[in-house]
Q: 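Sending over a structure as structure tokens; questions will come in a sec.
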Amino acid sequence: THNHGESVSGVAVEKVKEVDNGALDLSLDAVQAITPVYEAYFQFQAALAADNLEAAKKAADNIAVAIKAVDMGLFEGDAHKLWMELSNDIDKHALAAAAGMDIESVRASFEQVSNSMIALHRRFGHTGDKTFYLTFCPMAFDGKGAHWLQTDSIVSNPYLGQAMPDRKSTRLNSSHTDISRMPSSA
């Protein structure tokens, strides 16, 4: 479950409380193995928020490298099937972003990567002390809106970048709930 956060400068932010890992049998090693994927994703998000095309493309490539470095043997049964599905999708869109010719195409690929990263987190969780914020911008893609994950409590919008209105007034308060760090079955 999750609690909805406040709308801050038109951007909705929430911290998801629980991981919905269903019947997935996950080891701590499996969840730790995907940490570099999250780290590369957050570099991708930050680069786009800063309107830095070259850094975004490099970070997207780093996601693909991190995906390939994960030991698939750490995932068993349904967790293995889900990892294969999500990692293939993340890899495909990260590589498309790395090859992007302009920031708009890279942002479009980022949305696809984000959708799969959000699904990955909801099912696998994460380790460590960082809080993951699920953030939504209703203005992205001409009003279609788009979600992303970030670790900072100040909204850093990868879809609007430096053009985000009221960028300085987006500090969140502590009333948002936290994303769990580990799946409950681990």
Q: Please report the shortest heavy-atom distance between Phe141 and Arg107, naming the atom on each side.
A: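 Shortest heavy-atom separation between Phe141 and Arg107 comes out as CZ-O, 3.6 Å.
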
Q: Apply side chain to side chain contact (heavy atoms under 4.5 Å, CB included) to Thr135 and Leu149, showing your working.
A: CA-CA 6 Å; Thr135 313; Leu149 294 172; over 6 Å; no

Q: Indicate yes or no: does Lys57 engage Asp102 in a salt bridge with an N to O separation below 4.0 Å.
A: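 Between Asp102 and Lys57 there is no salt bridge, as every charged N stays at least 4.0 Å from the carboxylate O atoms.
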
Q: Does His80 form a side chain to side chain contact (heavy atoms under 4.5 Å, CB included) with Met84? I'd like the steps, not just the answer.
A: CA-CA 6 Å; His80 179 81; Met84 293 304 299; 3.7 Å; yes

Q: Using a strict 4.0 Å threshold on nitrogen-to-oxygen distance, state whether Glu85 and Arg123 make a salt bridge.
A: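 No, no charged N to carboxylate O under 4.0 Å.
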
Q: Any side-chain heavy atom of Tyr133 within less than 4.5 Å of one from Val155?
A: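 A side-chain contact under 4.5 Å is absent here.
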
Q: Between Tyr38 and Pro36, is any pair of side-chain heavy atoms under 4.5 Å apart?
A: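 No; the side chains remain at least 4.5 Å from each other.
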
Q: Restricting to non-hydrogen atoms, name the atom on Gly100 and the atom on Ser105 that form the minimum distance, rounded to 0.1 Å.
A: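 In this case the closest contact between Gly100 and Ser105 is CA-OG, 3.7 Å.
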
Q: Are Gln112 and Asn115 packed together at the side-chain level, in the sense that at least one heavy-atom pair is separated by less than 4.5 angstrom?
A: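 The answer is yes, as the side chains (C-beta and beyond) meet within the 4.5 Å cut-off.
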
Q: Which distance, rounded to the nearest 0.5 Å, do you find between the NE2 of His121 and the OH of Tyr41?
A: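 If I round to the nearest 0.5 Å, the distance is 11.5 Å.
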
Q: Might you point out which heavy atoms bring Pro158 and Leu48 nearest each other, and give the distance in Å?
A: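 The answer is O-CB, 3.5 Å.
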
Q: Roughly how far apart are Asp89 CG and Ser116 OG, rounded to 0.5 Å?
A: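 Asp89 atom CG to Ser116 atom OG measures 3.5 Å (nearest 0.5 Å).
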
Q: Between CD of Gln45 and CG of Asp152, what distance do you get to the nearest 0.5 Å?
A: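 The CD atom of Gln45 sits 8.5 Å away from the CG atom of Asp152.
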
Q: Counting N and O atoms only, with roles assigned by atom type, does the side chain of Gln162 sit under 3.5 Å from a partner on the main chain of Ala49, one being a donor and the other an acceptor?
A: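 Checked: pair present.
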
Q: Can you tell me how the ring of Phe132 sits relative to the ring of Phe42, calling it parallel under 30°, perpendicular over 60° and tilted otherwise?
A: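 Ring orientation of Phe132 relative to Phe42: perpendicular.
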
Q: How close do Phe44 and Ala56 get, heavy atom to heavy atom, and via which atoms?
A: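 Nearest pair, atom of Phe44 first, then Ala56: CD1-O, 3.3 Å.
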
Q: Check step by step if salt bridge (Lys or Arg N to Asp or Glu O under 4.0 Å) holds for Lys144 and Glu111.
A: CA-CA 12 Å; Lys144 180 185 112 190; Glu111 179 189 21; 2.9 Å; yes

Q: If you measure from CG on Asp29 to CD1 on Ile34, what distance do you get to the nearest 0.5 Å?
A: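 Nearest 0.5 Å value for the CG-CD1 distance: 12.0 Å.
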
Q: Using 0.5 Å steps for rounding, measure from the OG1 atom of Thr127 to the CG atom of Leu28.
A: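 If I round to the nearest 0.5 Å, the distance is 6.5 Å.
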
Q: Verify the ring-centre separation between Trp148 and Tyr159: is it less than 6.0 angstrom?
A: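 Under 6.0 Å, so yes.
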
Q: Got a donor-acceptor contact below 3.5 angstrom from the Thr35 side chain to the Gln32 backbone?
A: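 Here the side-chain-to-backbone pair exists.
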
Q: Within the structure provided, determine whether His147 and Ser114 are in side-chain contact (heavy-atom separation under 4.5 Å).
A: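 Contact flag for His147/Ser114 side chains = no.
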
Q: Is Leu86 linked to Ile118 within one hydrophobic cluster, defined over Ile, Leu, Val, Met, Phe, Trp and Tyr using a side-chain heavy-atom separation of less than 4.5 Å?
A: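 Same hydrophobic cluster.
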
Q: Show me the side-chain donor-acceptor pairs of residues 67-76 shorter than 3.5 Å, one per line, residues at least two apart or across chains.
A:
from, atom 1, to, atom 2, distance (Å)
Lys68, NZ, Asp91, OD1, 2.7
Lys68, NZ, Asp91, OD2, 3.3
Asp71, OD1, Gly73, N, 2.8

Q: Without swapping roles, check the side chain of Gln150 against the backbone of Ser156 for a donor-acceptor pair under 3.5 Å.
A: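 Side chain of Gln150 to backbone of Ser156: a pair is present.
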
Q: Taking atom CG of Leu120 and atom CD1 of Ile90, what is their separation to the nearest 0.5 Å?
A: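 Between Leu120 CG and Ile90 CD1, I get 5.0 Å after rounding to 0.5 Å.
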
Q: If you group Ile, Leu, Val, Met, Phe, Trp and Tyr by side-chain heavy-atom gaps below 4.5 Å, do Val113 and Ile103 land in one group?
A: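 Same hydrophobic cluster.
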
Q: Please enumerate all residues that pass side chain to side chain donor-acceptor pair (under 3.5 Å) together with Thr151, with sequence neighbours excluded.
A: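 Thr151 satisfies side chain to side chain donor-acceptor pair (under 3.5 Å) with no other residue.
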
Q: Evaluate the side-chain proximity of Glu54 to Asn52: yes if any heavy-atom separation is below 4.5 Å, no if none is.
A: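 Contact flag for Asn52/Glu54 side chains = yes.
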
